[in-house]
Amino acid sequence: MDWKNYIESFAKDVHFAEPATNENIDGITKHLNIELPSKLLDLLKQTNGIFDNYKCPFIWPTSRIIEDNLYFRNFEGFKDIYMPFDQLLFFSDSGTGDLFGYAILNGQIQTDDIFVWDHETVSRKWIAPSLEAFLKGWITGDIST
């Protein structure tokens, strides 16, 4: 899929980073012990992050995917108040504390479904059937948390 053309078909005020390098992508696999789903992998190979006019990300760059997932998985203060975060692979956020990601089951991402982790209710709920639907809905405002 040509992600840039797809996104530009419904959004004009987005900015694309340079493509992620193989080293960037391998870092996710190495640090998070997970194979990326094919659609996210393809997107990152085309752009290492998608941003609005204020440089807020719709899709995080690989460095933030690693950093934020490791933070949520390893921060001791979260272990007593939240369910483990190693069952989710986050790749975006709402800007208000909610996080978007794929569910991990048996060490793998099983489906294209996208979930939101709500920081206020600590709930995890389905939000979109695919990365394409998530991006269109999130960028156009059809999806909200």
Side-chain angles (χ1 to χ4, degrees), residues 1-75 78 82-145:
M1 169 181 257
D2 183 336
W3 286 98
K4 291 179 184 179
N5 282 336
Y6 171 71
I7 292 165
E8 288 173 339
S9 73
F10 56 82
K12 301 300 178 208
D13 296 327
V14 295
H15 303 278
F16 301 98
E18 291 296 315
T21 64
N22 288 336
E23 183 179 341
N24 298 143
I25 293 167
D26 290 345
I28 294 172
T29 303
K30 176 183 172 189
H31 293 291
L32 302 179
N33 196 31
I34 191 79
E35 293 294 325
L36 288 175
S38 61
K39 291 179 182 181
L40 182 58
L41 175 62
D42 187 46
L43 183 141
L44 291 170
K45 286 181 176 182
Q46 294 177 41
T47 177
N48 194 6
I50 302 171
F51 303 88
D52 69 12
N53 281 333
Y54 303 102
K55 298 185 180 178
C56 294
F58 291 113
I59 297 291
W60 295 339
T62 55
S63 59
R64 183 157 177 203
I65 291 172
I66 295 167
E67 182 180 321
D68 281 25
N69 278 277
L70 287 176
Y71 173 75
F72 279 92
R73 292 176 185 188
N74 297 319
F75 182 66
F78 291 160
Y82 297 132
M83 292 170 47
F85 287 101
D86 58 355
Q87 297 171 351
L88 294 166
L89 174 68
F90 299 121
F91 61 83
S92 183
D93 69 288
S94 67
T96 61
D98 298 338
L99 303 171
F100 302 107
Y102 290 95
I104 299 171
L105 181 64
N106 298 323
Q108 295 182 334
I109 296 169
Q110 306 283 327
T111 70
D112 288 334
D113 294 324
I114 307 298
F115 295 83
V116 62
W117 174 74
D118 184 311
H119 76 287
E120 291 180 1
T121 64
V122 193
S123 65
R124 301 168 186 205
K125 67 179 181 177
W126 179 90
I127 198 162
S130 66
L131 187 57
E132 301 99 298
F134 167 77
L135 280 167
K136 186 172 186 179
W138 186 234
I139 292 171
T140 63
D142 290 340
I143 290 177
S144 62
T145 59

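Residue numbers count from 1 along this sequence.
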Any [X] side-chain heavy atom under 4.5 Å of [Y] side chain:
X: Leu40; Y: Leu131; value: yes
X: Lys4; Y: Thr47; value: yes
X: Leu99; Y: Trp60; value: yes
X: Lys136; Y: Ile7; value: no
X: Phe51; Y: Phe58; value: no
X: Met83; Y: Val122; value: no
X: Leu36; Y: Ile109; value: no

**Asked** How about Phe16 and Trp3: are their ring centroids closer than 6.0 Å?
**Response** no
**Request:** Give a yes or no on whether the ring-centroid distance for Trp117 and Tyr82 is below 6.0 angstrom.
**Result:** yes
**Partner set under side-chain contact (heavy atoms from CB on, under 4.5 Å) for Phe115, not counting sequence neighbours** = Ala103, Asp113, Trp126
**Request:** For Thr21, check side-chain contact (heavy atoms from CB on, under 4.5 Å) against everything at least two apart and list the hits.
**Result:** Glu23, Asn24
So does [Y] get a backbone contact from the side chain of [X], meaning a donor-acceptor N/O pair under 3.5 Å?
X: Asn69; Y: Ile65; result: yes
X: Ser94; Y: Asp98; result: yes
X: Asp86; Y: Arg73; result: no
X: Asn74; Y: Leu70; result: yes
X: Gln87; Y: Ile104; result: no

Can you name the nearest heavy-atom pair linking [X] to [Y], along with the distance?
X: Ser130; Y: Ala133; value: OG-N, 3.1 Å
X: Asp118; Y: Thr121; value: OD1-N, 3.0 Å
X: Ile66; Y: Gly27; value: CD1-C, 3.5 Å

Quick one: list whatever passes side chain to side chain donor-acceptor pair (under 3.5 Å) with [X], sequence neighbours left out.
X: Thr140; value: Asp142
X: Trp138; value: none
X: Asp68; value: Arg64
X: Asn53; value: His15

Among pairs that include at least one residue of [range], which meet salt bridge (Lys or Arg N to Asp or Glu O under 4.0 Å), considering only residues two or more places apart or in two chains?
range: residues 10-19; result: none
range: residues 24-37; result: none
range: residues 43-55; result: none

**Prompt:** CG of Leu41 to CD of Gln46: how many Å apart, nearest 0.5 Å?
**Reply:** 10.0 Å
**Message:** How long is the straight-line distance from CG of Asp93 back to NE2 of His119, given to the nearest 0.5 Å?
**Reply:** 11.0 Å
**Message:** Applying ring pair (Phe, Tyr, Trp, His ring centres under 6.0 Å), can you list everything that pairs with Tyr102, at least two apart in sequence or on another chain?
**Reply:** Phe91
**Request:** Output all residues satisfying ring pair (Phe, Tyr, Trp, His ring centres under 6.0 Å) with Phe10, sequence neighbours left out; order by chain, then residue number.
**Result:** Tyr6
**Message:** Please enumerate all residues that pass salt bridge (Lys or Arg N to Asp or Glu O under 4.0 Å) together with Lys39, with sequence neighbours excluded.
**Reply:** Asp112, Glu132
**Prompt:** Which of parallel (below 30°), tilted (30 to 60°) and perpendicular (above 60°) describes Phe90 and Phe72?
**Reply:** perpendicular
